[in-house]
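All ligand and atom numbering here is 1-based and tracks the order in the structure.
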Amino acid sequence: MAVKKSGVYDAILKQVNAEMYSAYLYLQLSADASAMKWNGAAAWLRAHAGEEMTHASKFYDYLIRKGIDVKFDAIEKPATTAKDLHEIFKAVYGHEIKVTAMINKIMETAIAEKDYAAAAELQWFVTEQVEEEETARDIVDMLEKAGKSPEALIFIDHHLGCKKE
Ligand SMILES: [Fe+2]
Ligand SMILES: [Fe+2]
C-alpha cells in the first residue's frame, strides 16, 4: 500500500542525498590529503566518508520502514579548493555546520507536522551533529596551534591516522 508523502518524508529523502554528498566530499578531501602526502589525515577522512554513508543508510532505512516510495536525485560534484591540511579541515568544519542547519530544519518540519516518529529518528542526528562539529572544530584548533611547523603538522597527521574509526 502506497504511503502518502508529507513534507518531512521529502526532506528526509533530500537528506539521504545530502549525507551521500557528505561521503563524497569527505572522500574527495581524503584524495586531496593523499595527494598532499598527509596519509594520516587521508585515512581519517576516508573513514569518515564511510561514517557519512551510514548516516545516509539510517535515513534510507527509516523511509523504507515507513513504506515510502524512494526515488533518488543525482549527487552533486564535491566542491573543494583546499590547498593545505588546514583548509581541508576548515572545509570539513564549515560543511558540518551546514549539515547541522539542514538537520535542524527537518526537525522543525517534523515538529510542525506533529510527526513524532520522524522527530525521534532525527533526534539521533541532532546529537550526532554536536559530536561532528566538536570533532572538526578540535582538529581545526590543533592545526591553528601548529601553524606552519612541520614537526607539529607531522604529529597531527600521525595522530589523525591513529584516531580513524
Ligand atoms: Fe552525516
Ligand atoms: Fe558529518
Side-chain angles (χ1 to χ4, degrees), residues 7-36 38-66 68 70-82 84-111 115-144 156-157 159-165:
V8 77
Y9 293 137
D10 276 341
I12 290 174
L13 182 56
K14 282 199 181 83
Q15 195 59 31
V16 173
N17 186 291
E19 297 293 339
M20 290 180 87
Y21 172 80
S22 292
Y24 219 20
L25 177 68
Y26 273 100
L27 203 54
Q28 179 62 66
L29 291 171
S30 178
D32 294 347
S34 285
M36 294 171 196
W38 293 118
N39 294 337
W44 188 93
L45 291 156
R46 173 71 183 85
H48 206 94
E51 199 176 304
E52 296 298 345
M53 285 304 290
T54 69
H55 295 168
S57 298
K58 190 165 162 55
F59 275 132
Y60 169 79
D61 289 341
Y62 178 75
L63 293 174
I64 296 299
R65 287 171 66 208
K66 293 298 283 183
I68 301 300
V70 168
K71 296 278 181 257
F72 291 125
D73 272 331
I75 300 164
E76 206 186 315
K77 179 181 172 176
T80 61
T81 52
D84 57 30
L85 205 50
H86 196 173
E87 286 184 12
I88 286 177
F89 282 96
K90 273 208 296 198
V92 164
Y93 182 46
H95 180 70
E96 290 300 343
I97 288 172
K98 275 193 224 161
V99 173
T100 299
M102 289 177 201
I103 300 287
N104 288 347
K105 197 99 192 110
I106 310 171
M107 182 63 111
E108 282 167 25
T109 306
I111 291 166
D115 189 332
Y116 303 113
E121 185 69 20
L122 285 157
Q123 184 56 53
W124 184 91
F125 286 91
V126 170
T127 307
E128 174 71 6
Q129 280 311 116
V130 175
E131 191 188 309
E132 295 273 83
E133 281 189 34
E134 181 189 19
T135 305
R137 196 174 55 240
D138 283 351
I139 298 169
V140 171
D141 286 347
M142 266 196 299
L143 287 166
E144 267 167 19
I156 291 170
D157 184 59
H159 172 73
L160 289 171
C162 295
K163 270 189 87 171
K164 69 179 192 318
E165 294 109 318

Going by atom types alone, do Glu133 and Gln129 pair a side-chain donor with an acceptor below 3.5 Å? no
Below 2.8 Å, which protein N, O or S atoms neighbour the Fe ion (ligand 1), ignoring water? Glu19 OE1, Glu52 OE1, His55 ND1
Quick one: does Ser30's side chain have a donor or acceptor within less than 3.5 Å of a partner on Tyr26's backbone? no
Would you say the ring centroid of Trp44 lies under 6.0 angstrom from that of His159? no
Under a 3.5 Å cutoff, is there a donor and acceptor pairing between the side chains of Asp32 and Gln28? yes
Using 30° and 60° as the class limits, which term best fits the ring planes of Tyr21 and His95: parallel, tilted or perpendicular? tilted
Is there a donor-acceptor contact under 3.5 Å from the side chain of Tyr9 to the main chain of Leu63? no
